[in-house]
Peer 1: 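Input: one structure, supplied below.
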Amino acid sequence: MTETTSPDKPTLLLIDGHSMAFRAFFALPVEKFSTTTGQHTNAVYGFTSMLINLLKQERPTHIAVAFDLSTPTFRDAQYDAYKAGRSATPNEFKGQIDLIGRVLTAMNIRTVTAEGFEADDVIATLATQGEDADFDVLVVTGDRDAFQLVDDAVTVLYPRKGVTDLPRMDAAAVEEKYFVPPNRYPDLAALVGETADNLPGVPGVGPKTAAKWITQYDGLEGVLAHADEIKGKAGEALRERLDDVRRNRQLNRLITDVELPVGLDHLGMSAPDREAIDELFDALEIRTLQPRLFELFGEEQQPVVTEEIVPPELAPLTAAAELTAWLDAAPAPVALVPLVDGADATTLVLVAEPAPGQGREDAAGDAVGARIDLTGLDAPAETALAGWLGDRAAPKVVHDLKTVYKLLRGGRGLVLDGVVDDPSLSGYLLQPDRRSYELGDLAQHHLRISIAATEAAGAQTELDLTGDEEQTRLATAARNGIVLLRLSRYLTAELADRGSADLMTRLELPLAKVLGDMELAGIAADAAHLSALTDDFTTAIDAAQREAFAVIGKEINLGSPKQLQAVIFDDLGLPKTKKIKTGYTTDADAITDLIARTDGHPFLVALLAYRDASKLRQTVEGLVKSVADDGRIHTTYVQNIAATGRLSSMNPNLQNIPIRTDEGRRIREVFVVGGGYRTLLTADYSQIEMRIMAHLSGDEALIQAFRDGEDLHRFVGSHVFGVAPEDVTPAMRSKVKAMSYGLAYGLSSFGLSKQLAIGVDEARSLMSDYFARFGAVRDYLRGIVETARKDGYTSTIEGRRRYLPDLSSDNRQLREMAERAALNAPIQGSAADIIKKAMLGVDRGIAAAGLSSRMLLQVHDELVLEVADGEEEQLTALVREQMAGAADLSVPLDVSVGLGRSWHDAAH
DNA sequence: CTGGATACGTA
DNA sequence: CGTACGTATCCAGT
């Protein structure tokens, strides 16, 4: 495979990260490598590409990448001007080092640094350790000082040009090039000098002269001792520079005994974290490298522990006595994995294994498993099972609790309780920005094990399963059960370490069941009204379309931005709007602006009317499609999508039903009270985010305003504009309102000016007046970003974290995006915490009072409930109490409640 | 058929 | 050059 490494010896690959990244940076054109967000990636790409080549060619068994630290080294202490005179690091390079670090982490390659030392010293130390342990050692660096390490075991790969041409500098190659053996290379370098390190050598002395002297006097010491014997101009120059040469030699000696946090046994090669690589390479838009990398590590070479996980035999439990006996004997907690056929759970697979320390030392074989055929249980067994499932004192672990809960409750009326962990939720609390919480992804990421089937067992729906397939499904489920238990052990410990155990067990886990109930309930839809709306909107669409076509004298697809651009900017020759990737935007803001500038161009007016109507029809049609057989619409809430802690709603999304326009609001008439219930109730928090801001900032004026029940925007307006509250005009009020909300989003004066259609100067003075009056708000917002930058994350009032690594990015766009996210996350996230607590309170309150009313929808700051006959008053009081009492802030939480037969009518 | 880009609804 | 989402459509790529 390679010419110099022996196949029987382990190979240690050591890379000087900074040096090679820098080479890569200059080898590849920076303008050709950047992401859509403007992050330059040429060094990352070049470095990673080089690394993949090296892994392929050299097949190292061990690997490390050494980096310099920005802190001074002992060399700086010895020589003020060490490395001085280097031109400043190009801006485009900064930050790519961090990204390379992230690539290495994802590849499971250790990076090594040492305070007070350079990467070279780290490499020299590891190379020496490797050599002592009888490794073949390869050093990849653009720093010639490394030549001193070369010997029979150590070879330097020194870039000739770029980062792909890496000739092997073994002892013979060094000697051929520099006329001295490797161990004397630093002697030679001391005489010749090293520009890169700002170490001037002896003028007029090049490698040839230096080598001659070194050979003649047996090393640098000899040369210095006999300096006065050396004749000629070069000898004179040497005598004038003796101190420089001694200093050079002192500085270019690499340290081979640096104390390092890692040893060789930490540096074994392992496969990359596929998911992390995918995520990172996608983000960096260097996807072409993925196949090259994964080609190196064929699936079978991934660190698959599947075969090490021996799924336990599954004891078939049918009789009540068997069931109880098994459950009594199983160590806690029990992993619960349902097998699904269609939408119905047919079999439950139960797995348990003692935690390390809980059982025997060699606990590997102690896992136990059982399966329960749900279709073949007699009444006593059914009762025993139901008792255990509903026993909150019987600890269980499941993946995707809400789905399992619905499956059992909806399909078989079995109520699940006592779930102590769900990795799809604990994984989310640990890393709310992840995009997948599939069992396999989590296992790979957190446990470094790779399971082939990431789907919960039982995703298949084939009706006629052969026996073998059935066995496979059972074995997969059993294996997933084990993974579930181990994952849960890890995640639970991590959450506890962080102090977030309560957030998990007292908020998210119980909420999953509440959401499950809401999804099962759904909300009744008025079918007749839906079709009436479809007709109305269709009429409006047709009219608008006819009008638009009449103006331009031809028929186009009004839904095609491309065709719209051609008509608006070419045919009609109207002024250009904001530039976007595909030309000029035709979004509503821009069109509205154009209408103003063209004095109401009829095509544009018709276009907006068309857009409005078709958007509404589209929404209505979506709803029509999602009405279930029970005449109700069942949305799905996703508990682990929004990085701030909010819920999201999908299939259909009931959190974006129109309300702002009269026409749109009519869609809310579709959502009505269902049979057996009296009315709908809506309850929402007023200005919850502003109240949270007042609370978190501790701004006395703002807090007092809320306590006094003032009209918030009027109050703020009176302070900002310096007028009496009653003299605040509607225009002033709306400006202040926009600004107040904008602040929580990191709004800039530019953004404010654009939104309010005022000058940037006016926007800026508006903001400074605002902050002059509400200084604590400014201090708070500033503090959030500082703290987040320091800690790496933001926190909500319930301790929910969001990690924002981009806060320290040197890419301005990325960094500023992270800063705005940091401003918003604690506010939006705290609001999410509060309404989630309120939902739990309402749910428990309803149960405790024995009411029949139920919660149906959550829309971030609003709840919609279905009220049973005669429960209006009690429920109103209960909801108010629970929502208002969900947090103890320094301001009251105002809740407004409305009743009505439809969502529209219940608004207030 | 998939995915990016665009547009737009909500809090 | 305002956060957080989900969905529909068009269109160019596979």
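To find a chain, count down the sequence lines: A is the first, B the second, and so on, and within it residues start at 1. It should be emphasised that the depicted structure is a prediction, and the values quoted were computed from it without experimental measurement.
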Peer 1: Toss me the dot-bracket line for DNA chain C: Watson-Crick and G-U wobble, both under 3.5 Å, 5' to 3', using | for pairs to another strand and [ ] for crossers.
Peer 2: ..|||||||||||.

Peer 1: Below 4.5 Å, heavy atoms only, C-beta onward: do A:I523 and A:L680 meet side chain to side chain?
Peer 2: yes

Peer 1: Using only heavy-atom distances, determine whether the side chains of A:N651 and A:S626 contain a donor-acceptor pair under 3.5 Å.
Peer 2: no

Peer 1: How far does the P atom of C:dG2 sit from the matching atom of B:dG4, given to the nearest Å?
Peer 2: 25 Å

Peer 1: With heavy atoms under 4.0 Å as the rule, sort A:T586 into base, sugar-phosphate or nothing.
Peer 2: sugar-phosphate

Peer 1: Side chain of A:R646, base of B:dA11: donor and acceptor closer than 3.5 Å?
Peer 2: yes

Peer 1: Is there a donor on the side chain of A:Q755 or the base of C:dG2 sitting less than 3.5 Å from an acceptor on the other?
Peer 2: yes

Peer 1: Ignoring hydrogens and geometry, is there a side-chain-to-backbone donor-acceptor pair from A:S560 to A:N557 under 3.5 Å?
Peer 2: no

Peer 1: Could you check whether A:F774 and A:Y770 have their ring centres less than 6.0 Å apart?
Peer 2: yes

Peer 1: For A:V672, is there any backbone N or O sitting under 3.5 Å from a side-chain donor or acceptor partner on A:S902?
Peer 2: no

Peer 1: When you measure from the side chain of A:E519 to the backbone of A:Y637, do you find a donor-acceptor pair of N or O atoms at a distance under 3.5 Å?
Peer 2: yes

Peer 1: With a 4.0 Å heavy-atom cut-off, tell me which residues in residues 825-837 of chain A come close to DNA chain C, sorted by residue number.
Peer 2: A:Q828

Peer 1: Would you say the base of B:dG9 and the side-chain of A:N656 have a donor-acceptor pair closer than 3.5 Å?
Peer 2: yes

Peer 1: Measuring to OP1 and OP2 of B:dC8, would you say a side-chain N or O of A:K615 lies under 4.0 angstrom away?
Peer 2: no

Peer 1: Check this for me: does any side-chain nitrogen of one of A:D833 and A:R800 sit under 4.0 Å from a carboxylate oxygen of the other?
Peer 2: yes

Peer 1: Is a donor-acceptor contact shorter than 3.5 angstrom present between the side chain of A:K562 and the base of C:dC10?
Peer 2: no

Peer 1: Below 4.0 angstrom, N of the basic side chain to O of the carboxylate: do A:D612 and A:K615 qualify?
Peer 2: no

Peer 1: When you check the phosphate oxygens OP1 and OP2 of B:dC8, does a side-chain N or O of A:R611 lie under 4.0 Å from one of them?
Peer 2: yes

